[in-house]
> 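Questions regarding the structure given below will be posed in turn.
Worth knowing before you read on, the calculation uses all heavy atoms, side chains too, and leaves out hydrogens, waters and symmetry mates.
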Amino acid sequence: MSDSEIKEYLSGFKGVGPKTISCVLMFCLERPEFPVDVHVWKIAISLGWVPPSASREQTYEHLNRRVPDDVKYDLHVLLVEHGKVYKNDVKLLRPFVKR
């Protein structure tokens with residue numbers, strides 16, 4: 001099945017939204033997806049990767065297009081872990097971000 005077919009199928013279930021679908025694609029099916037949870041979303045805004053007004057869905061669309069497929073899994077895991085440990089504080093990351 002293609003990613004779009006899987007997304008369409010899974011979205012038919014009550015309570016299954018874009019983040020859950022993206023997680024299934026990335027973690028279970030090993031597809032190049034970039035789920036955006038609250039940690040990824042807040043960090044992406046703080047680092048200026050998306051505008052401050054970007055919704056989680058807009059952030060998902062933007063990052064899924066921009067993040068290279070070969071780093072999506074690792075970057076997602078790192079951002080979530082950073083968000084949990086440092087409560088989404090990006091002061092330590094800012095010096096390494098090119099703008």
> Donor-acceptor check, side chain of S22 to backbone of P18, threshold 3.5 angstrom: yes or no?
no
> Check the hydrophobic clustering (I, L, V, M, F, W, Y; side-chain heavy atoms under 4.5 Å; chains of links allowed) and say if F27 and L78 are grouped together.
no
> Is I21 close to S11 at the side-chain level, that is, under 4.5 Å between some pair of heavy atoms?
yes
> Can you list the residues that meet the side chain to side chain donor-acceptor pair (under 3.5 Å) rule with H62, with sequence neighbours excluded?
none
> Flag yes if more than 12 heavy atoms outside K72 fall under 6.0 Å of its NZ atom; otherwise flag no.
yes
> Crowded around E5 CD? As in, over 12 foreign heavy atoms under 6.0 Å?
yes
> Looking only at heavy atoms, which two atoms of A54 and I45 are closest? And how far apart?
O-CD1, 4.0 Å
> In this structure, would Y60 and L47 fall into the same cluster of hydrophobic residues linked by side-chain contacts under 4.5 Å?
yes
> Please determine whether the number of non-hydrogen atoms from other residues, nucleotides or ligands lying under 6.0 Å from atom OH of Y9 exceeds 12.
no
> I need the D37 CG to T59 OG1 distance, nearest 0.5 Å.
11.0 Å
> What pair of heavy atoms forms the shortest contact from R31 to S2, and how long is it?
NH1-C, 4.0 Å
> Minimum heavy-atom separation for I43 and H82, please, with both atom names.
CD1-CD2, 3.9 Å
> Determine whether V24 and M26 fall in the same hydrophobic cluster, where Ile, Leu, Val, Met, Phe, Trp and Tyr are linked whenever their side-chain heavy atoms lie under 4.5 Å apart.
no
> Between N64 and F34, what is the shortest heavy-atom contact and its length?
OD1-N, 3.1 Å
> Would a 4.5 Å heavy-atom cut-off, applied to side chains only, mark D3 and L25 as touching?
yes
> Is V36 linked to W49 within one hydrophobic cluster, defined over Ile, Leu, Val, Met, Phe, Trp and Tyr using a side-chain heavy-atom separation of less than 4.5 Å?
yes
> Indicate the atoms forming the closest heavy-atom contact of M1 with I6, along with that distance.
CB-CG1, 3.8 Å
> Only one of R65, K7, K19 forms a salt bridge (Lys or Arg N to Asp or Glu O under 4.0 Å) with E33, so which one is it?
K7
> Assigning hydrophobic clusters by single linkage (Ile, Leu, Val, Met, Phe, Trp, Tyr; side-chain heavy-atom cutoff under 4.5 Å), is V90 placed with V38?
yes
> Taking the side chain as every heavy atom from C-beta outward, state whether V50 and Q58 have any atom pair closer than 4.5 Å.
no
